[in-house]
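Structure first, then comments.
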Amino acid sequence: QVQLVESGGGLVQAGGSLRLSCAASGRTFSSYAMGWFRQAPGKEREFVAAINWSGGITYYADSVKGRFTISRSNAKNTVYLQMNSLKPEDTAVYSCAAGLLPLWTIPRIHDFDYWGQGTQVTVAS
């Protein structure tokens, strides 16, 4: 089993930055691909970014490319999402997810088996 706990959300002004962290507990964190998803009010949950077990493969949604960076530290059992140039449209609950997949293609929600509770990110205009 894997437990995931997100942190780092909050209220920021448009154009600002925020770094989300996802702390994982479990025996095999380094074997898992990790992803970030978000859900805005009235919207379906959508893919944001993903990273494979080694950190050598990453994927980003078009809406965040060039602004967000996903990274991980297997030694610290933590995955990060650095968010820069934030826009009001980025306002959502951001959730961390883990799954045993090779990440040879853009992942889907059902590819991930474990989910955190989410952290709220609000970007003021």
Side-chain angles (χ1 to χ4, degrees):
Q1 61 179 1
V2 176
Q3 294 81 45
L4 306 172
V5 180
E6 303 95 335
S7 63
L11 174 65
V12 297
Q13 296 294 317
S17 297
L18 207 59
R19 189 176 80 159
L20 305 183
S21 298
C22 175
S25 61
R27 296 175 296 175
T28 57
F29 171 78
S30 62
S31 299
Y32 286 81
M34 304 294 296
W36 286 97
F37 294 79
R38 67 186 183 185
Q39 187 168 22
K43 300 282 189 176
E44 296 294 320
R45 181 169 291 174
E46 65 176 352
F47 168 75
V48 176
I51 188 167
N52 78 326
W53 68 272
S54 69
I57 302 173
T58 58
Y59 294 98
Y60 297 94
D62 289 341
S63 59
V64 306
K65 285 181 180 177
R67 300 189 298 121
F68 291 10
T69 303
I70 189 171
S71 62
R72 69 189 295 162
S73 172
N74 290 341
K76 298 179 179 179
N77 284 359
T78 303
V79 62
Y80 306 95
L81 185 68
Q82 178 67 46
M83 305 185 293
N84 298 326
S85 301
L86 283 162
K87 305 174 180 179
E89 305 91 87
D90 296 318
T91 295
V93 174
Y94 285 71
S95 298
C96 177
L100 287 171
L101 63 154
L103 214 61
W104 294 330
T105 185
I106 297 175
R108 297 163 292 180
I109 291 174
H110 75 264
D111 291 326
F112 295 92
D113 301 310
Y114 303 97
W115 293 81
Q117 65 180 0
T119 185
Q120 176 70 47
V121 172
T122 303
V123 184
S125 60

For residues 53-64, which side-chain donor-acceptor pairs fall under 3.5 Å, sequence neighbours excluded?
| unit_1 | atom_1 | unit_2 | atom_2 | d |
| --- | --- | --- | --- | --- |
| Ser54 | OG | Asn52 | ND2 | 3.3 |
| Ser54 | OG | Gly56 | N | 3.2 |
| Tyr59 | OH | Leu103 | O | 3.2 |
| Tyr59 | OH | Trp104 | O | 3.1 |
| Tyr59 | OH | Thr105 | N | 3.2 |
| Tyr60 | OH | Ile70 | N | 2.9 |
| Asp62 | OD1 | Lys65 | NZ | 3.1 |
| Ser63 | OG | Arg38 | NH2 | 3.4 |

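- Annotation: side chain to side chain donor-acceptor pair (under 3.5 Å) contacts of Asn77 (sequence neighbours excluded): none.
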Could you pull out all donor-acceptor pairs under 3.5 Å where a side-chain atom in residues 106-115 meets a protein atom, sequence neighbours excluded?
| unit_1 | atom_1 | unit_2 | atom_2 | d |
| --- | --- | --- | --- | --- |
| Asp111 | OD2 | Arg108 | N | 2.7 |
| Trp115 | NE1 | Phe112 | O | 3.4 |

Practice prompt. Tell me, with the steps shown, if Arg67 and Met83 meet side-chain contact (heavy atoms from CB on, under 4.5 Å).
Written response: CA-CA 6 Å; Arg67 300 189 298 121; Met83 305 185 293; over 6 Å; no
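- A heavy-atom distance below 4.5 Å is found between the side chains of Arg19 and Tyr80.
- In this structure the side chain of Ser31 reaches within 4.5 angstrom of the side chain of Leu100, judged on heavy atoms.
- Atom-to-atom distance recorded for Lys43:NZ and Thr91:OG1 is 12.5 Å, nearest 0.5 angstrom.
- A search for ring pair (Phe, Tyr, Trp, His ring centres under 6.0 Å) contacts involving Phe68 returns nothing, not counting sequence neighbours.
- Take Glu89 and apply the side chain to side chain donor-acceptor pair (under 3.5 Å) test, not counting sequence neighbours, and it matches no residue.
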Worksheet entry | Audit row: Cys96, Trp36, side-chain contact (heavy atoms from CB on, under 4.5 Å) steps and yes/no | CA-CA 5 Å; Cys96 177; Trp36 286 97; 4.0 Å; yes
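- Leu11 belongs to no hydrophobic cluster with other residues, because no ILVMFWY side-chain heavy atom falls under 4.5 Å from its own, directly or through intermediates.
- Hydrophobic clustering (side-chain heavy atoms under 4.5 Å, transitive across Ile, Leu, Val, Met, Phe, Trp, Tyr) groups Val123 together with Leu18.
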